[in-house]
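To start, the structure itself, in structure tokens.
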Amino acid sequence: MSQGIVAQRYAKALIGLTKSRKELEDAGNKLTEASEAYLSSVELQEILASNKVSSPVKQKILGELLERLKTSSLISTFCRYLLSKRRLELIPTISKAFETLYQAKIGRIRAKVSVTHELSDSSLKKLEKTLSTLTGKEVQVETNLDPSLIGGIVTRIGSTVYDGSLRNQLNLIHQSISKGGTL
């Protein structure tokens, strides 16, 4: 089974353990902090993955880290469980899956938009409103500059791509002409 699928199952289980939206949000924030702390230290990763270090020592080290991060008992228990199941290395992937599931649960989705130049605040708000109407959910737009675009925008929402780039329009025209079609 792929790590992404396993991580998604853990994230789904963690979401199921939360009782309120506030607890859900707090769990996501603390899970992200724990993930970042884990990723920031190669030594920590090596110690927690090592077969030479006893389980009680690993639990103590993890416990001290979680205490410094001031995690909730839910996240502390969750991370200790991951360590006992030798799955702590999945915490960054679990954190990403948790964030995606959390956003979907509250009716928010993320759109990745490639543009040729920075969008003004008013253009960005108009784009968010248009995409929200299109999807029926609150959309958060994440833009990135793509100098290879001649003009227009390319929007990715989940696995769906809306290509409104000039390059794509020119390719469609080229295909139409190549097939002997009319414009």
Side-chain angles (χ1 to χ4, degrees), residues 1-40 69-79 81-82 87-172 175:
M1 193 175 315
S2 83
Q3 287 188 345
I5 293 171
V6 172
Q8 190 148 13
R9 286 183 179 174
Y10 277 111
K12 202 177 281 188
L14 183 58
I15 285 175
L17 293 172
T18 59
K19 294 173 181 63
S20 67
R21 183 170 172 166
K22 172 84 171 105
E23 189 178 8
L24 184 64
E25 187 176 329
D26 290 344
N29 292 336
K30 291 301 179 180
L31 185 63
T32 299
E33 286 179 22
S35 170
E36 289 169 355
Y38 177 80
L39 286 174
S40 70
L69 294 174
K70 296 181 173 121
T71 60
S72 65
S73 62
L74 175 64
I75 295 302
S76 180
T77 303
F78 182 74
C79 289
Y81 178 77
L82 290 175
R87 297 282 191 168
L88 193 62
E89 76 278 356
L90 291 178
I91 197 164
T93 312
I94 294 169
S95 179
K96 288 177 187 168
F98 184 94
E99 179 63 22
T100 301
L101 292 169
Y102 166 71
Q103 295 295 333
K105 187 173 180 90
I106 64 172
R108 189 181 302 150
I109 56 174
R110 184 164 305 197
K112 294 183 180 182
V113 178
S114 298
V115 294
T116 58
H117 60 281
E118 280 299 320
L119 296 175
S120 67
D121 286 343
S122 63
S123 295
L124 192 58
K125 289 194 185 318
K126 186 176 179 182
L127 179 60
E128 284 177 342
K129 186 177 179 184
T130 302
L131 293 173
S132 292
T133 303
L134 178 70
T135 62
K137 296 182 179 186
E138 181 184 341
V139 176
Q140 287 183 319
V141 173
E142 178 183 310
T143 61
N144 70 306
L145 297 178
D146 184 354
S148 70
L149 292 175
I150 301 169
I153 65 172
V154 178
T155 305
R156 176 180 295 276
I157 302 174
S159 61
T160 305
V161 176
Y162 301 97
D163 192 343
S165 68
L166 187 55
R167 178 181 53 203
N168 185 52
Q169 299 301 317
L170 291 172
N171 282 339
L172 292 173
Q175 289 174 1

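Computation of the quantities below employed the complete heavy-atom set of this structure, encompassing side-chain atoms and omitting hydrogens, waters and symmetry-equivalent molecules. Position 1 is the first residue of the sequence; numbering continues from there.
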Could you tell me whether the side chain of Thr71 reaches within less than 4.5 Å of the side chain of Cys79, counting heavy atoms only?
no

Spatial distance of atom CZ (Arg87) from atom CD (Gln3) [nearest 0.5 Å]:
8.0 Å

Thr18 and Ile15 have their tightest heavy-atom pair at OG1-O, 2.6 Å

List the atom of Gln8, the atom of Leu101, and the distance in Å for their closest heavy-atom pair.
NE2-CD2, 3.9 Å

Strictly below 4.0 Å, N to O, side chains only: are Lys22 and Glu25 in salt-bridge contact?
no

Enter the distance from Thr135:OG1 to Arg108:CZ here, rounded to the nearest 0.5 Å.
12.5 Å

Checking side chain to side chain contact (heavy atoms under 4.5 Å, CB included) for the pair Leu134/Val139: CA distance, chi angles, key distance, verdict?
CA-CA 10 Å; Leu134 178 70; Val139 176; over 6 Å; no

Whether the side chain of Ser95 engages the backbone of Pro92 through a donor-acceptor N/O pair (distance < 3.5 Å, no angle test) should be reported.
no

Going by heavy atoms in the side chains, are Glu89 and Tyr38 under 4.5 Å from each other?
yes

Step through the shown structure and confirm whether more than 12 heavy atoms of other residues, nucleotides or ligands are within 6.0 Å of CG on Asn144.
yes

Looking only at heavy atoms, what is the nearest atom pair of Leu69 and Ala34, with distance?
CD1-CA, 3.7 Å

In Å, rounded to the nearest 0.5 Å, how long is the span from CG of Leu14 to OH of Tyr81?
12.5 Å

When rounded to the nearest 0.5 angstrom, what distance separates NZ in Lys126 from CG in Leu131?
12.0 Å

Going from CG on Leu124 to CD on Glu118, what distance comes out if it is rounded to the nearest 0.5 angstrom?
9.0 Å

Exercise: identify the closest heavy-atom pair between Ile75 and Lys30
CG1-CB, 4.0 Å

Is there a donor-acceptor contact under 3.5 Å from the side chain of Ser35 to the main chain of Leu31?
no

Measure the spacing between OG1 of Thr32 and NZ of Lys96 and express it to the nearest 0.5 Å.
10.5 Å

Could you tell me which non-hydrogen atom of Lys137 sits nearest to which non-hydrogen atom of Ile109, and how far apart they are?
CD-CG2, 3.7 Å

Side-chain contact test, heavy atoms from C-beta onward, threshold under 4.5 Å: evaluate it for Phe78 versus Leu74 and give yes or no.
no

Close side-chain approach of Tyr10 to Val6, heavy-atom, < 4.5 Å:
yes

Flag, side chain of Thr143 to backbone of Val113, donor-acceptor distance under 3.5 Å
no

If we only count heavy atoms from C-beta on, is the Val154 to Asp146 side-chain gap below 4.5 Å?
no

Ile94 side chain reached by Leu82 side chain, heavy atoms, under 4.5 Å:
yes

Might you point out which heavy atoms bring Phe98 and Ala11 nearest each other, and give the distance in Å?
N-CB, 3.5 Å

